[in-house]
Amino acid sequence: MENRASLPPEIARRRTFAIIAHPDAGKTTLTEKFLLFGGAIQMAGQVRAKGEARRTRSDFMKMEQDRGISVSASAMSFEYGQFRFNLVDTPGHSDFSEDTYRTLTAVDAAIMVIDGAKGVESQTRKLFEVCRMRDLPILTFCNKMDREARETFEIIDEIQENLAIDVAPASWPIGSGRDFIGCYDMLNDRLELMDRADRNKVAESIKIEGLDDPQLAEHVPADMLEKLREEVEMARELLPAFDRARFLEGSMTPIWFGSAINSFGVRELMNGIGAFGPEPQPQKAAERPVEPEENRVTGFVFKVQANMDPKHRDRVAFVRVASGHFERGMKLLHVRSKKPMAVSNPVLFLAADRELADEAWAGDIIGIPNHGQLRIGDALTEGETLRFTGIPSFAPELLQNVRSTDPMKAKHLEKALMQFAEEGAAKVFKPLIGSGYIVGVVGALQFDVLASRIEIEYGIPVRFEPSQFTSARWLSGPKDKVEAFANINKQHISTDHDGDLVYLTRLQWDIDRVQRDYPDLHLTATKEMMV
């Protein structure tokens, strides 16, 4: 990473990252505080309603506000110091892992949020594995230190053992739970003190000369100070010092401690992203790697969100700009359809608010409103035929039949389902025999979300019913063999929204049988979303 030529200043100041965490670790609250410190909002909202602080900015779907969880990944851009942050919030709920996997293809680093009392939880581990597959650098934030938390060494050990990554403390907590008063900043020898009275106030920091500075005693009670000196000394001996090269290659994570709800530790984390976080990185394409400093604009769609504004049946494709300097009104080639596309009203996001983007640079995430031309995995370029790789589509683990309870609306239901399929919210299969559709998802909660969105956005009441099938596999191989197989097994065959053949099965035995009897055919559980 270090031996590349330096990037143009506008690109070099971009930091594009995602936040990953188990549900309820405090991810949405942390996002709010980022926006607060970036000057993007005046007062941070909280996920659970409380008077004026009722609306968090990054959860805009009705269901997210009702349940207090983030369901769709939203993107936000804001300035912080000399940096331009592009933050992609990912759903923490495990039922939405696919959306999260795809989001991680569009960022250069990730912030892992861990609950100080619960440590590393199952969903964190899963998401971490995806970051590992992509070699993403990871910064860790241990949240909720103002509640009863575990011993600091215990938390660090757990991360090192469970995730097999070295942890370098960037700050060290002083006290925990009710006695938590702040942190010692190990990278800059500063004392950071928390103000519990005003949650939106930035903590004060006191410059000190190391742990022997007499000033420390004025701010930290004697017993806590003794413990702090002991622990920091042990940490410096036992734990590795922060090494940026190792962090960038993904084998070390710096950890900050704090309390997002009290705005504490957040600013240090943001400074860390600015100072150590990676600049926009080259993106992989089938033809060649795409470097951010190239003059020509390229980008890829990693997410499609339909009906962000229910009054207009609009769709917004989230595009990661991979190279160049994009300007509003540019004509770009839509590689899949080979047609030029004038991008006249691209938007930048501040959660559910948007503003027109006059320009964007490599590393930025822009939204392109469209009427269904853009799909996940699509590439946009200034003429070159590129196919960006690594954006996965997973076979659903749960399949159900979907019926409209109003027979007059069957046609509308088809349109709604196709829209959700293109958005990546669900897989929609049309069986070759019989009418109706089978919907496949990764997690059960997605059925609730789909039913609620089809009703709110299209006015169609639907019900999901159990399907006889339990799994789906994409079918590929020599054309004549595939057709012959499909003719014999018609009752198992359906097409997905791209028109690709899918084999639906009841048992693992069916899959094994096909692989045994038809060695030329391939059944796959993932399909790359490439054009």
Side-chain angles (χ1 to χ4, degrees), residues 1 17-27 30 90 92 94 100 104 107-145 147-177 180 183-188 211 227-260 265-266 268-269 272-273 275-278:
M1 276 190 180
F17 56 94
I19 298 187
I20 59 173
H22 195 80
D24 242 18
K27 190 164 53 82
L30 183 62
T90 58
S94 56
T100 308
L104 292 173
V107 298
D108 302 310
I111 292 175
M112 175 165 72
V113 184
I114 284 178
D115 181 323
K118 297 181 184 149
V120 180
E121 296 170 88
S122 57
Q123 183 62 12
T124 320
R125 204 169 293 134
K126 253 185 172 164
L127 293 170
F128 179 84
E129 283 309 315
V130 181
C131 295
R132 174 60 58 76
M133 276 160 31
R134 303 191 54 78
D135 292 328
L136 281 181
I138 292 175
L139 304 98
T140 305
F141 183 69
C142 184
N143 192 18
K144 304 193 182 181
M145 293 306 292
R147 303 195 189 165
E148 287 313 317
R150 297 200 344 236
E151 281 292 317
T152 314
F153 279 110
E154 199 183 312
I155 295 169
I156 291 177
D157 278 352
E158 185 175 0
I159 299 173
Q160 304 208 96
E161 278 173 28
N162 274 326
L163 306 178
I165 188 168
D166 283 337
V167 179
S171 72
W172 199 267
I174 307 171
S176 79
F180 179 66
C183 281
Y184 175 65
D185 179 340
M186 291 178 68
L187 299 176
N188 305 299
L211 281 168
K227 186 175 178 206
L228 173 71
R229 284 182 176 140
E230 249 173 56
E231 287 189 343
V232 170
E233 197 175 314
M234 272 172 70
R236 285 194 164 141
E237 278 180 24
L238 298 172
L239 297 167
F242 177 67
D243 173 348
R244 183 164 186 241
R246 292 195 54 209
F247 156 67
L248 288 175
E249 65 183 35
S251 64
M252 169 182 280
T253 176
I255 184 167
W256 282 264
F257 292 86
S259 158
V266 178
E268 290 69 38
L269 174 62
I273 300 164
F276 312 127

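Numbers here simply count residues along the sequence, with the first being 1.
No donor-acceptor distance shorter than 3.5 angstrom exists from the side chain of R147 to the backbone of S176, with no hydrogens or angles considered. In terms of modelled atom types and a separation under 3.5 Å, the side chain of N143 and the main chain of A260 share a donor-acceptor contact. Judged by distance alone, the side chain of E148 and the main-chain N or O of A117 form no donor-acceptor pair under 3.5 Å. Here the side chain of S171 pairs a donor or acceptor atom with the backbone of F257 at under 3.5 angstrom.
For D108, the side chain to side chain donor-acceptor pair (under 3.5 Å) partners at least two apart in sequence or on another chain are R320. Listed by chain and residue number, T140 satisfy the side chain to side chain donor-acceptor pair (under 3.5 Å) test with T253 (two or more places apart in sequence, or in another chain). Under the ring pair (Phe, Tyr, Trp, His ring centres under 6.0 Å) criterion, F247 pairs with F242, sequence neighbours left out. Residues forming a side chain to side chain donor-acceptor pair (under 3.5 Å) with D157 (at least two apart in sequence, or on another chain): none. Looking at residues two or more places apart in sequence or on another chain, you find a side chain to side chain donor-acceptor pair (under 3.5 Å) between D166 and R246. Remark: E158 pairs with V120, R150, N162 by the side chain to side chain contact (heavy atoms under 4.5 Å, CB included) rule, at least two apart or across chains.
Using a 4.5 Å heavy-atom threshold, the side chains of I138 and L163 count as separate. No side-chain heavy atom of F141 sits under 4.5 Å from any side-chain heavy atom of I19.
In the displayed structure, E154 atom CD is contacted under 6.0 Å by more than 12 heavy atoms of other residues, nucleotides or ligands.
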Pairs under 3.5 angstrom only: tabulate donor-acceptor contacts from the side chains of residues 230-240 to other protein residues two or more places apart or in another chain.
| from | atom 1 | to | atom 2 | distance (Å) |
| --- | --- | --- | --- | --- |
| E231 | OE1 | W172 | NE1 | 2.7 |
| R236 | NH2 | M186 | O | 3.4 |

